[in-house]
Amino acid sequence: MPASVSLSLSLPLSPAASPRSDPSVAASPFGAFRRSGLRFCGLRREVLSLRSLNLEASGRISPYTARGLSKKVLAAAKSNGSPTKGFDYDLVIIGAGVGGHGAALHAVEKGLKTAIIEGDIVGGTCVNRGCVPSKALLAVSGRMRELQDEHHLKALGLQVASPGYDRQSVADHANNLASKIRSNLTNSMKALGVDILTGVGTIVGTQRVKYGKVGFPDTEVTARNIIIATGSVPFVPNGIEVDGKTVFTSDHALKLEWVPDWIAIVGSGYIGLEFSDVYTALGSEVTFVEALDQLMPGFDPEIGKLAQRILINSRKIDYHTGVFAKKITPAKDGKPVLIELIDAKTKEPKDTLEVDAALIATGRAPFTKGLGLENINVTTVRGFVPVDEHMQVMDADGNLVPHIYCIGDANGKLMLAHAASAQGISGIISQTMLIFHTSACFTHPEISMVGLTEPQAREKSEKDGFEIRVAKTSFKANTKALAENEGEGLAKLIYRPDTGEILGVHILGLHAADLIHEASNAMALGTHIQDIRLAVHAHPTLSEVLDELFKSAKVNVGTSPSVSEPVAV
C-alpha cells in the first residue's frame with residue numbers, strides 16, 4: 001500500500017494556452033491552486049449546495065446563488081464554453097461519479113466546453129451504492145448504539161425506554177440521501193454548462209467517442225481530450241453464487257431489504273467492518289470469513305488490535321481467519337445459506353457454515369468492459385487501465401495514448417472516491433499534486449489513517465538508512481471525549497526524529513475520520529512536526545488529541561518557525 005502517489009494529467013487549461021508556459025506555475029507546485037482559489041473535497045460543497053439555482057429556460061442563475069460562485073464559473077455557465085475548432089468538445093468524460101463530476105466542474109471553470117457521458121445514473125458508486133448511502137445506515141447504527149448502551153446513558157444521567165427501529169424507514173433514509181445528493185450533482189453540472197450525454201460510452205479513437213442506449217442508434221462526438229472515469233463494481237470470487245437476496249454484495253445490502261438474524265461477512269476490510277457495525281446495531285449476529293491470518297488487513301497492526309477489541313470482541317461477532325469461502329450457495333427450499341470453507345494455504349476442507357445470509361465484501365473490481373479500449377490498442381491488467389504517473393493511458397506496447405486519460409477506480413492506483421476527485425482536479429489544472437493515502441472506516445468509533453503503517457515505515461527506514469520514532473496519545477486524556485463519555489481511542493504518529501517529517505498517522509476514536517485531515521494536509525504541504533506543533537487548537541475540542549500527539553514527538557531539529565509572524569488567537 002503506497003504512502004503517496006504523485007498525480008497529474010497534462011490537459012490544457014484552455015483551448016489556446018497551457019500552464020506549462022507560465023514560469024510562475026513551474027516555480028511553485030501550488031501556484032495554480034493559490035491563483036485559482038481551488039478547494040479540494042470529494043463532492044465540492046460549494047457546488048452541491050446549489051439548491052437555489054434558478055434553472056428556468058432563460059438559463060439565469062439567481063442573485064442569491066451568484067454571490068457564492070466565482071465570476072469565472074458564472075461566465076462559463078452562461079457561455080457554455082466554445083470548443084477548440086474542429087471538435088465538438090474540449091473534454092469528454094466517460095462516467096459521472098465523483099471523479100468525473102469533479103473533473104467536469106473544474107474543466108468548465110477553466111473555460112473548456114465539457115460533456116460527461118453516463119449510462120446509469122449520475123453519482124456513480126460513491127453516491128448511489130457506496131459512501132453516501134452507507135453513511136446514512138451508519139448514522140442509524142451510531143444512534144442505536146447510543147440508545148442501547150444503558151451504562152453509557154446512565155453515566156450521562158439519561159434514561160431511555162427500549163429503543164427500536166423501523167427497517168423500511170431506515171432504508172428510505174439511505175435511499176433519500178442518495179437521491180438528494182444525486183439530484184444536486186446533476187443540477188450543479190447542468191447549471192454550470194456541462195452537457196450530460198445519456199448512454200453507454202465507447203472510445204472509437206483517440207479523439208472520438210460514441211454513446212447510446214441499447215436498441216437505439218449511437219451518437220458519435222469528437223473531443224480534444226477524453227477522460228475515463230468509469231469506476232468499479234463489487235468483486236465476487238469464483239464459487240460464490242449471488243442471488244441478491246440471501247447472498248449479496250454491498251450494492252444489495254445498502255437497500256436493507258431485510259435484517260438477518262445471522263449473517264456471514266466475507267472479508268474484514270473497510271466494507272466488511274462498516275456493515276458489521278450496521279448489522280450488529282440492528283440486532284444481527286455476525287461471522288467474519290477472512291482469508292488472511294488476521295482480521296482487518298491493511299490497518300496498522302497496533303490500531304487493528306485495539307479495533308478488534310472494541311469493534312469485534314465486545315459485540316456479537318465471531319470469525320474464521322486463514323480460510324477461503326470456496327463455495328457459497330444461497331438459501332432455497334427452506335435450507336440456509338451454505339458456506340464451504342477451505343484452508344487458505346493447504347486448500348483442505350475446513351468447515352461448513354449454515355447462516356441466514358452472506359455479504360460478499362471482498363473488494364471491488366474496475367468497470368472497464370465495453371469501453372472500446374481495443375480500438376486504441378489498450379490491454380487492461382486485471383481489468384485496470386494502465387496509466388503513467390500523469391494518469392495518461394498506456395497502450396499494449398507501453399506507449400502513451402495521446403489525448404486519453406484515466407482516473408479513479410478504473411486505473412487502480414487508489415480506489416477511493418476522494419482520490420478519484422483529486423486526480424480529476426489535478427488533470428484539469430495540469431499540475432502535479434501529491435496525494436497521500438488518506439482513508440477512513442466509519443465504524444463506531446471511527447478509524448482513519450494516512451501514510452505508512454509502523455511495519456511499512458520500519459521497512460523503509462532500514463532500506464534508506466534513517467531512524468523512525470513513534471508517539472501516541474489517548475482519547476482518555478481529552479476533555480471533549482471525556483465530556484461525551486467516549487474516551488476509548490488512540491492516536492499514533494510515526495515520524496523521523498532527524499527531520500521532523502511525518503511518515504504516518506493512525507487514529508481510532510471519536511470522529512477519527514474528521515481529525516485525520518490535519519495530518520494529511522500537513523503531509524501534503526510538507527509541514528514538519530516542529531512547525532505544526534506550534535499551531536493553536538481550541539479548547540476543549542477533539543483536535544487537541546492531535547495537538548498533544550505532535551507536541552509529544554521528540555525531534556532533533558529546531559522548533560522555531562522559519563518566518564516570524566504575529567500569532568492570531
Decide yes or no for [X] and [Y]: does some side-chain heavy atom of the first lie under 4.5 Å from some side-chain heavy atom of the second?
X: Leu147; Y: Tyr165; answer: no
X: Tyr279; Y: Pro260; answer: yes
X: Leu295; Y: Ile312; answer: yes
X: Ile94; Y: Ile227; answer: no
X: Thr379; Y: Leu373; answer: no
X: Asp261; Y: Val355; answer: no
X: Leu452; Y: Ile494; answer: no
X: Leu338; Y: Leu353; answer: no

Ignoring hydrogens and angles, tell me if any N or O in the side chain of [X] forms a donor-acceptor pair with the backbone of [Y] under 3.5 Å.
X: Ser268; Y: Met296; value: yes
X: Thr249; Y: Asp251; value: yes
X: Asn375; Y: Ile203; value: yes
X: Asn411; Y: Cys406; value: yes
X: Asp395; Y: Val378; value: no
X: Glu446; Y: Ala512; value: yes
X: Thr443; Y: Pro445; value: yes
X: Asp243; Y: Lys245; value: yes
X: Thr368; Y: Gly383; value: yes
X: Thr280; Y: Ser276; value: yes

Work out which heavy atom in [X] is nearest to a heavy atom in [Y]; give both atom names and the distance.
X: Asp514; Y: His517; result: O-ND1, 3.4 Å
X: Thr246; Y: Asp356; result: CB-O, 4.0 Å
X: Met449; Y: Tyr270; result: SD-OH, 3.6 Å
X: Glu118; Y: Gly97; result: OE1-N, 4.4 Å
X: Ile339; Y: Ala358; result: CD1-CB, 4.2 Å
X: Leu254; Y: Ala174; result: O-CB, 4.4 Å

Any Lys/Arg nitrogen of [X] or [Y] sitting under 4.0 Å from an Asp/Glu carboxylate oxygen of the other?
X: Asp172; Y: Lys255; result: no
X: Lys492; Y: Glu454; result: yes
X: Glu285; Y: Arg315; result: no
X: Lys327; Y: Glu241; result: no

Next item on the list: Give the intermediate values and the outcome of side chain to side chain contact (heavy atoms under 4.5 Å, CB included) for residues Leu292 and Thr321.
Entry: CA-CA 6 Å; Leu292 297 183; Thr321 57; over 6 Å; no
Within 6.0 Å of [atom1] in [X], more than 12 heavy atoms from elsewhere:
X: Arg167; atom1: CZ; result: yes
X: Lys335; atom1: NZ; result: no
X: Phe367; atom1: CZ; result: no
X: Glu257; atom1: CD; result: yes

Check: Do Arg458 and Ser461 meet the criterion of a side-chain donor-acceptor pair at a distance under 3.5 Å?
Finding: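 Arg458 vs Ser461: no donor-acceptor pair found between side chains.
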Check: With no hydrogens and no angle check, do the side chains of Trp262 and Ser284 hold a donor and an acceptor under 3.5 Å apart?
Finding: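 No, no side-chain donor-acceptor pair sits under 3.5 Å.
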Note to self: side chain to side chain contact (heavy atoms under 4.5 Å, CB included) for Tyr405 and Ile226? Distances and angles first, verdict last.
What the structure shows: CA-CA 6 Å; Tyr405 304 82; Ile226 298 167; over 6 Å; no
Roughly how far apart are [X] [atom1] and [Y] [atom2], rounded to 0.5 Å?
X: Ile117; Y: Ile93; atom1: CD1; atom2: CD1; value: 9.5 Å
X: His511; Y: Ser448; atom1: NE2; atom2: OG; value: 12.0 Å
X: Leu137; Y: Ser141; atom1: CG; atom2: OG; value: 8.0 Å
X: Thr453; Y: Asp300; atom1: OG1; atom2: CG; value: 5.5 Å
X: Leu306; Y: Phe299; atom1: CG; atom2: CZ; value: 12.0 Å
X: Gln392; Y: Asn225; atom1: CD; atom2: CG; value: 9.0 Å

Next item on the list: Take Ile116 and Met189, measure what side chain to side chain contact (heavy atoms under 4.5 Å, CB included) needs, and give me the verdict at the end.
Entry: CA-CA 9 Å; Ile116 193 162; Met189 288 192 291; 4.1 Å; yes
Item checked: From His173, Lys135, Arg145, residue fulfilling side chain to side chain contact (heavy atoms under 4.5 Å, CB included) relative to Val140 ->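 Going through His173, Lys135, Arg145 one by one, the side chain to side chain contact (heavy atoms under 4.5 Å, CB included) with Val140 is satisfied by His173 alone.
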Notebook entry, point to check: Should Met144 and His444 be marked as a side chain to side chain contact (heavy atoms under 4.5 Å, CB included) after you check the CA-CA gap, both sets of side-chain angles, and the distance that decides it?
Noted result: CA-CA 11 Å; Met144 283 297 294; His444 297 89; over 6 Å; no
